[in-house]
Amino acid sequence: SWLKISIFSTRSPSQRVSWCKVEVTVESPKVITVLVSEEKMVHPPAVVTAINLKTIVNEKQNISEIVSASVLCFHNAKIDVPMPAPERKRSGILSHFTVVRNPGGTGYPIGWKKEVADRNSKNSCSVLSFENSERALLNRFFLELYKLDSDVLVGHNISGFDLDVLLQRSQACKVLSSMWSKIGRLKRSFMPKLKGNTNFGFGATPGLMSCIAGRLLCDTDLCSRDLLKKVISCSLTDLSKTLLNRDRKEISPNDIPKLFQSSKTLMELIECGEIDAWLSMEIMFHLNVLPLTLQLTNISGNLWGKTLQGARAQRNEYYLLHTFHSKKYILPDKFSQRMKDIKSSKRRINHGPEDQNVDELDADLALENDPSKGSKTKKGPAYAGGLVLEPKKGLYDKYVLLLDFSSLYPSIIQEYNICFTTIPRSEDGVPRLPSSQTPGILPKLMEHLVTIRKSVKLKMEKESGLKHLELDTRQEALKRTANNMYGCLGSSHSRFYAMPLAELIALQGREILQRTVDLVQNHLNLEVIYGDTDSIMIQSGLDDIEEARAVGAKVIQEVNKKYRCLKIECDGIYKRMLLLRKKKYAAVKLEFKDGKLCEEIERKGVDMVRRDWSLLSKEIGDLCLAKILYGGSCEDVVRAIHNELIKIKEEMRRGQVAIEKYVITKALTKPPEAYTDSKSQPHVQVALRMRQRGYREGFNAKNTVPYIICYEQGGASSGSSAGIADRARHPDEVKSDDSRWLVDIDYYLAHQIYPVVSRLCAEIQGTSPESIEADQPVILLHPSCLLQAMKKDTKTVSRWH
DNA sequence: ACCTGGAGCGC
DNA sequence: GTTGAGCAAGGCGCTCCAGGT
């Protein structure tokens, strides 16, 4: 036991306010003591339950109705250390349950009853049951959930879908509050307002959150978007493939009624729900969600449930609140947007004589109140950020050194003692650096984070296995917490919004980078070819890696001499590098991992790392890149690329390229109806049409929409007369609509392959000027020639199956 | 030839 | 004593596309 409650009272079962197994009332939180220190704490295991619903759409009312509900429960999850799959298998206790009902009300297929009985007896407990109404289904579901007494509810998009549907349907079916409120740990007698006015169409509303009081909610959709920024799509299907290497079967809501025709297909539906619940739970473990969010929560002192919801700004807010409070500061109140509005309109009344120009007042308000101005104008940057050096473009085949300042902004806060307490508030302009030597709260806090992180990393090296993983999670969380601080200073919504401080930090960053460049170029006589915010790349001109490393070491030594806290480090050495534009480059990177030198291609910002290019473009881009980075002479590279292009073009024309490779993916930043220029956006058009066809899921704000640019067979014109957005089709439309839509090969050649390849090759000619004149291969890569290679030849009609 | 909104990156 | 409204939201710099003027 780890918790001690010294004085408490109990109530009779009928008077209890919760569904908990034990319920006590205390007079004050002071009677509760934690028995062990955080260091020695052995966290009790948690009960984690994944939920998945299968629903059909009620066309008339445009709502989802539940057909089947599955739960999968992991009874002894560790919350403090990662649990890799083998560990889970070894020590896990799993149980599952599904309840189903026939939406048509026409009974169940022949033999179904026996099938269910067999399954239950095989598992020697009730794992499957069927009901005759949605209300009965819900009752049964809540009862099973109650028995599990879960600490954490997991699900993919559970906060945006499953939870809402469960409670909406409970309300519609008049499920008793004594049943539906079992979804949480608190007994409730009335349904709260489920459709809150907050969160722009995603996440759980406050009403929903209040219903699950006492349990944590882990939405693997939200979590994966937060933790895996670069993943193309966070749909359950795609994550299962990329993270777990598992294929997921998708069942469209429109097909569900058909599945009730036979026992076999109905069982497939049920298994699909159980597998989906399992996948979501697997993703949670795979991403190490619980241990990471627990660490983040413990460091910042906010609520775990909030950390699970994202709430980065709030984490930062709580951390600062605790710190300032412990130093006996009284903090200013937090003003809501509404309060800010009231305040500014009062000011307007107070000093606004009737004849004053209204525009002037508005401008005044915009400046004083909020850099994001009103709601209709898009907010521009409020202050200057990082410095990006003009790249010296080209292909480098001698060693390039990559140096960067570790945690630049947190270090600047320490180096220059930047804090609310050290810098006076001023009316305008960037404030000056403080002269005070007494460290402010913010720098001390940064130092604290850095110190703990160092000690955690040291301990980590000595440990192995689970302890190692736990400490790694903790040091990662400490880094995140430190890096979060700067962003929140510059966020106008933040309680600790301090634009002058953010501006000052960014200014120092720019000056530091520029000073470093000057030092390297003027005093060390080395050439800086690029740099972004906290990094510089130096062309060593050397073929010998040891010599290159020595040069790097010298630079590091010279730069670090100048600073107390700031530290520049070598982040890697590029053997060969293609520098295309600001924020766009690729290289063969050499890195020391476990004392061994490894080599890998690093790509930054180039088209291939962006989800808004088709797989086709990316594959060809990567192919060209590999030829460029590993290729021999310029001529060989050019010829190889040219041949590759011709080959691909032929394959496309012959219809030998899989349709999946043509899929382009773009994210909706808002609900599709909210776009003012939906006409020009292919993904918005596709989303609107799919929604009209009754596909509700996957076409909301923040979802990614896949599409293919097509032309209509037998349409008036085969090509570009219609806008690009009108010719975009969802992959399912292309597959199902009876070969009505054909991939527009010409579009892909001209708009997907040509731009990608030509950008990659743009710098090749420049690297060997002498070959431009005579050699034929270089000419092959001249834009006009490249275009020729891409151009249409004989007209061919391709079919896709 | 310019400008704009939107998206998605880098840091 | 209960109900209801409202709550939130990291930053800037830089291509690149598509459409409009």
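Letters A, B, ... are given to chains in the order of the sequence lines, protein chains preceding strands, and every chain is numbered from 1.
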Counting the atoms with a prime plus P, OP1 and OP2 as sugar-phosphate, which does Thr669(A) contact under 4.0 Å by heavy atoms, base, sugar-phosphate, or nothing? sugar-phosphate
Regarding Ala384(A), tell me which of base, sugar-phosphate or nothing describes its non-hydrogen contacts under 4.0 Å with the strands shown. sugar-phosphate
What's Tyr747(A) touching, base or sugar-phosphate or nothing? Going by heavy atoms closer than 4.0 Å. sugar-phosphate
Round to the nearest Å and state the distance from Lys666(A) atom NZ to dC9(B) atom C1'. 13 Å
Touch class at under 4.0 angstrom, heavy-atom based, for Gly490(A) against every strand present: sugar-phosphate
Tell me what Asp532(A) touches on the nucleic acid: a base, only sugar-phosphate, or nothing, going by heavy atoms under 4.0 Å. sugar-phosphate
Mind checking who dA5(C) pairs with, Watson-Crick or G-U wobble, both distances under 3.5 Å? none
Taking a pair to mean Watson-Crick or G-U wobble geometry with both distances below 3.5 Å, dA7(B) pairs with dT15(C)
Considering heavy-atom distances to DNA chain C, does Gly386(A) or Ser491(A) have its closest nucleotide positioned more toward the 5' end? Ser491(A)
Categorize Lys670(A) for me: base, sugar-phosphate, or nothing, with a 4.0 angstrom heavy-atom threshold over every strand shown. sugar-phosphate
Which of parallel (below 30°), tilted (30 to 60°) and perpendicular (above 60°) describes Phe496(A) and Phe324(A)? parallel
Between C1' on dC9(B) and NZ on Lys604(A), what's the gap in Å once rounded to a whole number? 11 Å
Quick one: do the Ser300(A) and Asn316(A) side chains pair a donor with an acceptor below 3.5 Å? no
What does Arg480(A) touch in the nucleic acid at a heavy-atom separation under 4.0 angstrom: a base, only the sugar-phosphate, or nothing? nothing
Just to be sure I understand the rule, does Ala313(A) reach a base, reach only the sugar-phosphate, or reach nothing, if contact means heavy atoms closer than 4.0 Å? sugar-phosphate
Side chain to side chain donor-acceptor pair (under 3.5 Å) for Ser235(A) and Asp238(A)? Distances and angles first, verdict last. CA-CA 5 Å; Ser235(A) 70; Asp238(A) 292 332; 3.1 Å; yes
Looking at every strand, decide which applies to Arg581(A) at a 4.0 Å heavy-atom threshold: base, sugar-phosphate, or nothing. sugar-phosphate
Look at the aromatic rings of Tyr707(A) and His683(A) and report parallel, tilted or perpendicular, splitting at 30° and 60°. parallel
Sugar-phosphate only, base, or nothing, as touched by Phe405(A) at under 4.0 Å among non-hydrogen atoms: nothing
How is Tyr409(A) classified with respect to the nucleic acid when contacts are heavy atoms under 4.0 Å: base, sugar-phosphate, or nothing? nothing
Considering only dG8(B), dG6(B), dG10(C), which nucleotide approaches the side chain of Ala667(A) most closely? dG8(B)
When you compare dG10(C) with dG10(B), how far apart are their C1' atoms, in angstrom units rounded to a whole number? 16 Å
